[in-house]
Undergrad: 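Shown below is the structure under consideration.
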Amino acid sequence: MNQKVDAIIIGAGVIGAATAYELSKKGYSTLSVDKLPAAGYGPTSNSCAIIRVHYSTLEGAVFAYEGYFYWKNWQDYLGARDESGAAVFHETGCMVMKTEVNGSLRRIREIADRFAIPYEEWGPDEVLERLPIYDMQRFAPPKLPADEGFCEPTGGTVEGAVFFPTAGYISDPQLATHNLQRAAEAKGAQFLFNKAVVEIPRTNGRVTGVVLDDGTRIEAGIVVNVAGPHSEPINRMAGAVGDMNIHTRALRQEVTHVPSPEGFQFEGAGFVVSDSDVGVYCRPETGNHILIGSEDPECDVREWVDPDDYNRDFTEQWTTQAYRLAQRIPSLGIPSRMKGCVDLYDVSDDWIPIYDKSSLGGFYMAIGTSGNQFKNAPVAGAMMAALIDYCEGGGDHDRNPLQFPLRYVEASIDVGFYSRLRQINPNSSFSVIG
Ligand SMILES: Cc1cc2nc3c(=O)[nH]c(=O)nc-3n(C[C@H](O)[C@H](O)[C@H](O)COP(=O)(O)OP(=O)(O)OC[C@H]3O[C@@H](n4cnc5c(N)ncnc54)[C@H](O)[C@@H]3O)c2cc1C
């Protein structure tokens, strides 16, 4: 391992590994450091890895649509082959229920029209044709098990849904990250595991490298914080929080896995579903299971935690999510043995990520990914590399934000949208929906 590189990336999750790959492609010598034993072993490994294109903001939607094309052309993007195989994109499509909470998807459809993102509108009968196990009664608003009327219909039926075909999921998010590691290594990138960054030294307003927990010092003029739920402690370590208007913190999440109802192959015939009427999203999971995640309805308590000390066991939240989906799928069995995962989102104040430089020269951040940036990882990596190039080349990103041209979608991203200095964005859904 070299004791001096151009750029150190803290964190080898999917966005960290994509950043390493994209920087290496630009000719930077990089070292990715992760305290875990392999790439993508942190929150990335438990990601539901849903690739979808509906977002509440224009910028969010165009970013995600661009990301879709990277997953669609995954092996071409990587270039190098991985001896473990390439991650598979299951392009099932994604159905979003029209509800009061999402304003029957009017704004999202307008955004989709603007960027020619394809979609179909389905009435309740068309939904039932595809998912005969569904019950289209209304259950909103979502409730807690202790509340009166939990799991009881509230009158009428859901008006229908919008189906986005350019969507699906990656069944093995850790493998996708390993793919990025191998692609980066083929360009000369180095990875160091089982080592934590414990200090970020600086001189004259610039970062000078990192110190590891075994005392090793590695010099670099560029350090990138992609530490997921540890992003805020890393920013503090660098002394880079002073001018930040948006902060990040760790939010505990549970993901529930249940078998598909008997006689129905959700794994073959199902797709990604976002259903704010019952407060959960779901997707097919290997072994003909259904994976159920929370859409964080208002009634649920948000559990902000210390990323180094939180409860990794399932709680009543697991069962609540299963019951919520059972409203929509009455034949769903709730097994006594709980399967799924408990992990952390790194959530920003407005649930929109921070892809930015900092007040400390050479110190950058790709953080606050708020449970919804797996899909964007390759684009985020490319954008971070372009941002670093721009700033290191003398560009004043805070005053003249970088405009990042996209590869597939005819548009550019105003990277200032993701600034640490921004005001809280009122157009955000303030939830994992983004
Ligand atoms: C339960 C769950 C479900 C999700 N579902 C989806 C989804 O369906 N679709 C979607 O698009 N997104 C989803 N996400 C979000 C997505 O998975 C994340 O945005 C993405 O994985 C973040 O990747 P990352 O590169 O920032 O790194 P992370 O995976 O967050 O990893 C950060 C890494 O930094 C390392 N690290 C931290 N501190 C240090 C240190 N001091 N020294 C060295 N290493 C350090 C950690 O060990 C870790 O490996 C989900 C997230 C979770 C938790």
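Just follow the structure's listing: the first ligand is 1, and inside any ligand the first atom is 1. What you see is a predicted model, and the numbers here were worked out from it, not measured in a lab.
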Undergrad: Can an N or O of Ile10 be found at a distance shorter than 3.5 Å from an N or O of ligand 1?
TA: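 No, no N or O pair falls under 3.5 Å.
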
Undergrad: What are the atoms of ligand 1, with element, lying closer than 4.0 Å to any heavy atom of Pro229?
TA: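 Those atoms are 30 (O).
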
Undergrad: When you measure from atom 29 (O) of ligand 1 to every protein heavy atom, which one gives the shortest distance, and what is it?
TA: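 For atom 29 (O) of ligand 1, the nearest protein heavy atom is Thr44 OG1, 2.6 Å.
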
Undergrad: With heavy atoms of Val255 as the reference, note each atom of ligand 1 found under 4.0 Å away.
TA: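 Taking each heavy atom of Val255 in turn, ligand 1 has 1 (C) under 4.0 Å.
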
Undergrad: For Val197, is at least one N or O under 3.5 Å away from an N or O on ligand 1?
TA: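 Such a contact does occur with ligand 1.
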
Undergrad: Using a plain distance cutoff, I'd like to know if Tyr41 has any nitrogen or oxygen under 3.5 Å from a nitrogen or oxygen of ligand 1.
TA: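 N/O-N/O distance below 3.5 Å does not exist for this pair.
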
Undergrad: Ignoring angles and geometry beyond distance, decide whether Cys341 reaches within less than 3.5 Å of ligand 1 through its nitrogen or oxygen atoms.
TA: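 Not met; the criterion fails.
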
Undergrad: Is it the case that ligand 1 has an N or O less than 3.5 angstrom from some N or O of Lys35?
TA: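 Indeed, backbone or side chain, Lys35 has an N or O that close.
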
Undergrad: Going by the atom numbers of ligand 1, which of them fall below 4.0 Å from some non-hydrogen atom of His230?
TA: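 Every atom of ligand 1 under 4.0 Å from some heavy atom of His230: 37 (C), 38 (N).
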
Undergrad: Using a strict cut-off of 4.0 Å, indicate which atoms of ligand 1 neighbour a heavy atom of Gly16.
TA: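 Going through ligand 1 atom by atom, the ones under 4.0 Å from Gly16 are 25 (O).
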
Undergrad: Quick test: of every protein heavy atom, which one is nearest to atom 48 (C) of ligand 1, and how far off is it to 0.1 Å?
TA: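 Going by distance alone, atom 48 (C) of ligand 1 is nearest to Asp34 OD2, 3.4 Å.
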
Undergrad: Quick one: are Tyr281 and Val272 in side-chain contact, heavy atoms under 4.5 Å?
TA: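 Tyr281 does not reach Val272 side chain to side chain.
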
Undergrad: If you measure every N or O of Phe374 against every N or O of ligand 1, does any of those distances drop under 3.5 Å?
TA: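 Yes - when backbone and side-chain N and O of Phe374 are compared with those of ligand 1, one distance drops under 3.5 Å.
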
Undergrad: Which bit of Pro173 is near ligand 1, meaning a heavy atom under 4.0 Å away: side chain, backbone, both or neither?
TA: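 Near ligand 1, Pro173 shows nothing, with every heavy atom at 4.0 Å or more.
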
Undergrad: If the contact criterion is a heavy-atom separation under 4.0 Å, does Tyr345 count as touching ligand 1?
TA: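 The answer is yes, since Tyr345 has a heavy atom less than 4.0 Å from ligand 1.
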
Undergrad: Measuring from non-hydrogen atoms of Ile234 to any atom of ligand 1, is the shortest distance under 4.0 Å?
TA: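 A heavy atom of Ile234 does come that close to ligand 1.
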
Undergrad: Does an N or O anywhere in Asn372 fall below 3.5 Å from an N or O of ligand 1?
TA: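 It does: an N or O of Asn372 is found under 3.5 Å from an N or O of ligand 1.
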
Undergrad: Tell me which protein heavy atom sits closest to atom 25 (O) of ligand 1, plus the residue, atom name and distance to 0.1 Å.
TA: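 Sorting protein heavy atoms by distance from atom 25 (O) of ligand 1 puts Ile15 N, 2.8 Å first.
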
Undergrad: If the cut-off is 4.0 Å to any non-hydrogen atom of Lys195, which atoms of ligand 1 fall inside it?
TA: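 Reading through ligand 1 atom by atom, the close ones are 43 (C).
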
Undergrad: Ile50 heavy atoms, cut-off 4.0 Å: which ligand 1 atoms fall inside?
TA: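 Those atoms are 7 (C), 8 (O), 9 (N), 10 (C), 11 (O).
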
Undergrad: What about Thr369: any of its N or O atoms under 3.5 Å from an N or O on ligand 1?
TA: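 Yes.
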
Undergrad: Closest non-hydrogen protein atom to atom 27 (O) of ligand 1, residue and atom name please, with distance?
TA: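 For atom 27 (O) of ligand 1, the nearest protein heavy atom is Gly13 CA, 3.5 Å.
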
Undergrad: Considering the heavy atoms of Lys375, write down every atom of ligand 1 situated less than 4.0 Å from one of them.
TA: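 Counting from 1, the qualifying ligand atoms are 9 (N), 10 (C), 11 (O).
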
Undergrad: I'd like to check whether Ala196 has a polar contact with ligand 1, where a contact means an N/O of the residue lying under 3.5 Å from an N/O of the ligand.
TA: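 There is no such contact.
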
Undergrad: Is the shortest distance from a heavy atom of Val33 to ligand 1 less than 4.0 Å?
TA: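 Within the 4.0 Å threshold, so yes.
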
Undergrad: Could you tell me whether Cys48 and ligand 1 have an N or O pair separated by under 3.5 Å?
TA: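 Cys48 vs ligand 1: N/O contact under 3.5 Å present.
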
Undergrad: May I ask you to identify, for Gln373, whether its side chain, its backbone, both or neither come under 4.0 Å of ligand 1 on a heavy-atom basis?
TA: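 Near ligand 1, Gln373 shows its backbone as well as its side chain.
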
Undergrad: Leu344 heavy atoms, cut-off 4.0 Å: which ligand 1 atoms fall inside?
TA: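 With Leu344 as reference, the close atoms of ligand 1 come out as 53 (C).
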
Undergrad: Heavy atom under 4.0 Å from ligand 1: found in Asn46's side chain, backbone, both, or neither?
TA: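 Asn46 to ligand 1: backbone contact only, side chain stays beyond 4.0 Å.
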
